[in-house]
S.K.: 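Have a look at this one.
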Amino acid sequence: MTDLTTKRRSLTDRTNTAIEQALASGRVRPKSALLFVGPAVIAAIAYVDPGNYATNIQAGAGYGYTLLWVVLFANLVAMLFQALSAKLGIVTGRNLAEVCRDEFSKPVVILLWIVSEIAAMATDLAEFLGGAIGLALLFNMPLMAGMGVTAIVTYGILLFERRGFRPMELIIGSMIGVIGLCYIIELFIAPVAWGEATTGLIRPAIPDATALAIAVGIIGATVMPHAVYLHSGLTQHRVAVKNETERRRVLRFSNIEVVAALAVAGVVNMAMVMMAAGAFHKGHSEVAEIETAYHMLTPLLGGAAAAVFLISLIASGISSSVVGTMAGQMIMQGFVGFRIPIWLRRLITMLPAFVVVALGVNATQALVVSQIILSIALPVPMISLVIFTRNRKIMGEYANGRLIGALAILAAIAVLSLNFILLAQTFGVPIPGLAAG
């Protein structure tokens with residue numbers, strides 16, 4: 001093979017070749033380990049999307065550092081379920097939606113597909129609106145114009161998917177880097193009470209019913225249904241393993257990547273809450289909207305803090321909207337077995353956001369409601385994943401052990417319980433020991 005031919009090979013092809021060589025040699029050096037980084041990075045963008053901004057601002061402004069423990073809990077649950085999702089794809093060569101289609105009855109599959117599509121649309125509502133809000137505020141343009149620009153940019157990025165997995169992994173990874181850098185800067189600008197933050201991180205407390213709604217919204221914004229589906233699809237064909245030794249090695253790197261990528265996402269979420277707590281809780285606890293937060297940051301912390309906030313929001317909205325479209329396509333193809341053109345999928349998932357803006361609905365409140373919808377839809381992929389990854393007929397020797405199986409079941413029960421309490425609160429059923437907000 002000539003040097004010219006090598007140069008003409010795509011980035012994805014070169015990555016695949018390097019991965020095969022690393023696995024065949026039996027020695028994966030630190031530099032080679034970066035070849036395996038990608039799926040969890042793409043999934044991680046779902047954990048720092050605009051829905052997180054909305055719920056984290058409300059949590060920090062309204063309750064200071066009190067709900068930081070919820071962010072930590074949600075992040076640990078996310079690590080567990082993203083690792084299980086990745087394992088399902090690596091071991092079976094199928095994504096979660098495909099396994100659901102193969103293992104459940106047709107009526108159940110149709111029901112799960114409908115619930116999952118609703119979750120995908122709620123996801124895209126949050127992500128698309130977030131990017132549009134950021135552009136509208138930064139460039140002083142109408143929200144509808146910001147939505148148009150967001151639509152064009154996200155569609156342009158989606159076209160890179162035709163070139164294989166690696167360009168998209170690098171693009172999304174760069175976006176996460178921008179978001180993380182922005183919040184490192186914010187922590188140096190905002191007056192954070194580190195002692196109170198530590199207490200909020202390790203001492204669980206839900207002061208009232210409003211705090212409960214925000215807590216469930218945080219979980220819905222952090223542990224996201226479409227990310228659970230997507231991760232299995234990103235890993236199912238990424239690495240062609242030749243034997244079980246290579247499969248175990250790929251699984252090990254996958255678990256490391258999940259922990260690292262979601263740890264970064266978790267730190268960013270905690271930084272969002274701490275920034276809102278430091279800037280707004282004492283004196284401006286009523287701040288509950290992204291637009292209000294932006295306008296308040298300039299007089300409180302300076303124009304730099306406000307600009308950095310918007311840059312991170314735009315990066316979050318655009319990148320997560322791209323990933324949401326990818327996940328929606330995978331969910332549809334997995335459950336019902338067909339694809340639609342990217343532009344049509346993009347159009348369908350954009351419509352709810354345009355309707356919300358056209359009707360004059362408060363954008364930030366729509367974001368928070370979308371996260372509650374996601375939290376209610378979350379048990380569908382969670383329970384499915386628990387069932388499949390403990391099934392030896394499906395997973396063989398890679399089926400969950402007792403400890404992992406128990407942790408997964410407990411996490412699913414915890415999320416289900418919070419959802420039940422939220423529904424009871426929504427429909428006016430009194431919850432003993434929980435004061436109204």
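Start at 1 with the first residue, then count along the sequence.
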S.K.: What distance do Ile314 atom CD1 and Leu138 atom CG have between them, rounded to the nearest 0.5 Å?
M.R.: 4.5 Å
S.K.: Side chains of Leu80 and Leu76: closer than 4.5 Å at any heavy-atom pair?
M.R.: no
S.K.: Are any of the side-chain nitrogens in Arg238 or Glu169 under 4.0 Å away from the carboxylate oxygens of its partner?
M.R.: yes
S.K.: Within the distance-only criterion (no hydrogens, no angle test), does the side chain of Arg101 pair as donor or acceptor with the backbone N or O of Gly334 below 3.5 angstrom?
M.R.: yes
S.K.: Distance alone, cut at 3.5 Å: any donor-acceptor contact between the side chains of Asn255 and Lys87?
M.R.: no
S.K.: Within the side chain of Trp113, is there an N or O that forms a donor-acceptor pair under 3.5 Å with the backbone of Val336?
M.R.: no
S.K.: Do the side chains of Val322 and Met168 get nearer than 4.5 Å, heavy atoms only?
M.R.: yes
S.K.: Quick check: do Glu20 and Thr15 have side-chain heavy atoms less than 4.5 Å from each other?
M.R.: no
S.K.: Any side-chain to backbone donor/acceptor pair from Ser254 onto Val250? Under 3.5 Å, distance only.
M.R.: no
S.K.: Which heavy atom in Leu35 sits nearest to a heavy atom in Ala18, and how many Å separate them?
M.R.: CD1-CB, 3.4 Å
S.K.: Begin from the C-alpha positions of Gln329 and Met326 and carry the test side chain to side chain contact (heavy atoms under 4.5 Å, CB included) through to its verdict.
M.R.: CA-CA 5 Å; Gln329 187 73 277; Met326 293 168 59; 5.9 Å; no
S.K.: With rounding to the nearest 0.5 Å, note down the distance linking CD1 in Ile404 to CD1 in Ile409.
M.R.: 11.5 Å
S.K.: Given side chain to side chain contact (heavy atoms under 4.5 Å, CB included), test Phe165 with Leu234 step by step and report yes or no.
M.R.: CA-CA 8 Å; Phe165 62 82; Leu234 295 173; over 6 Å; no
S.K.: Measuring from atom CD of Glu257 to atom CG of Leu262, what distance do you get when rounded to the nearest 0.5 angstrom?
M.R.: 9.0 Å
S.K.: Give the minimum heavy-atom separation between Met147 and Ala132, together with the two atoms involved.
M.R.: CG-CB, 3.3 Å
S.K.: Could you check whether any side-chain heavy atom of Arg94 comes within less than 4.5 Å of a side-chain heavy atom of Glu103, counting everything from C-beta outward?
M.R.: yes
S.K.: Count the heavy atoms belonging to other residues, nucleotides or ligands that lie under 6.0 Å from CZ of Arg248, then report whether that count exceeds 12.
M.R.: yes
S.K.: Taking all heavy atoms of Ser312 and all of Ile179, pick out the closest pair and write down the distance.
M.R.: O-CG1, 3.8 Å
S.K.: For Glu186 and Met272, indicate whether the former's side chain and the latter's backbone hold a donor-acceptor pair under 3.5 Å.
M.R.: no
S.K.: What heavy-atom pair brings Met79 and Ala263 nearest, and what distance separates the two atoms?
M.R.: CE-N, 3.6 Å
S.K.: Looking only at heavy atoms, what is the nearest atom pair of Cys182 and Ile311, with distance?
M.R.: SG-CG2, 4.0 Å
S.K.: Find out whether Pro50 and Ile133 are in side-chain contact, i.e. whether some heavy atom of one side chain is under 4.5 Å from a heavy atom of the other.
M.R.: no
S.K.: Salt-bridged, Glu397 to Arg247, with N to O below 4.0 Å?
M.R.: no
S.K.: Can you find a pair of side-chain heavy atoms, one from Ile57 and one from Phe309, that are under 4.5 Å apart?
M.R.: yes
S.K.: Quiz question: by atom type and distance under 3.5 Å, do the side chains of Gln58 and Tyr63 form a donor-acceptor pair?
M.R.: no
S.K.: Would Phe335 and Tyr229 count as a close aromatic pair, with their ring centres under 6.0 Å?
M.R.: yes
S.K.: Are the side chain of Thr150 and the backbone N or O of Gly146 linked by a donor-acceptor pair below 3.5 Å?
M.R.: yes
S.K.: Is it the case that the side chains of Asn56 and Asn269 hold a donor-acceptor pair, with the cut-off being a distance below 3.5 Å and no angle test?
M.R.: yes
S.K.: Please assess Ser417 against Ile413 for the test side chain to side chain contact (heavy atoms under 4.5 Å, CB included), listing each intermediate value before the final yes or no.
M.R.: CA-CA 6 Å; Ser417 300; Ile413 290 173; 4.0 Å; yes
S.K.: Rounded to the nearest 0.5 Å, how far does CD1 of Ile90 lie from CZ of Phe253?
M.R.: 11.5 Å
S.K.: Test side chain to side chain contact (heavy atoms under 4.5 Å, CB included) on Tyr47 and Gln82 and set out the steps.
M.R.: CA-CA 11 Å; Tyr47 298 90; Gln82 293 301 146; 2.3 Å; yes
S.K.: Using every non-hydrogen atom in the two residues, find where Ile189 and Ala305 come nearest and quote the distance to one decimal.
M.R.: CG2-CB, 3.9 Å
S.K.: Can you tell me how far the CG atom of Asn16 sits from the CD atom of Gln21, to the nearest 0.5 Å?
M.R.: 11.0 Å
S.K.: Which distance, rounded to the nearest 0.5 Å, do you find between the CD1 of Ile219 and the CD1 of Ile214?
M.R.: 12.5 Å
S.K.: Is there any ring pair (Phe, Tyr, Trp, His ring centres under 6.0 Å) pair reaching into residues 376-398, and which pairs are they, with sequence neighbours excluded?
M.R.: Phe104-Phe388
S.K.: Ignoring hydrogens and angles, state whether a donor on the side chain of Asp49 or Ser316 is under 3.5 Å from an acceptor on the partner side chain.
M.R.: no
S.K.: Do Pro204 and Phe73 have side-chain heavy atoms sitting under 4.5 Å apart?
M.R.: no
S.K.: Determine whether the side chains of Gln236 and Glu98 contain a donor N or O and an acceptor N or O closer than 3.5 Å.
M.R.: yes
S.K.: Would you confirm whether Thr12, through its side chain, and Arg163, through its main-chain N or O, come within 3.5 Å as a donor-acceptor pair?
M.R.: yes
S.K.: Using atom types as modelled and distance alone, determine if a side-chain donor or acceptor of His231 lies under 3.5 Å from a backbone N or O of Ala86.
M.R.: no
S.K.: Between the side chain of Ser321 and the main-chain N/O of Ile318, is any donor-acceptor distance below 3.5 Å?
M.R.: no
S.K.: Under 3.5 Å, is there a donor-acceptor pair between the side chain of Ser232 and the main chain of Leu88?
M.R.: no
S.K.: Does any non-hydrogen side-chain atom of Val192 lie less than 4.5 Å from one of Tyr65?
M.R.: yes
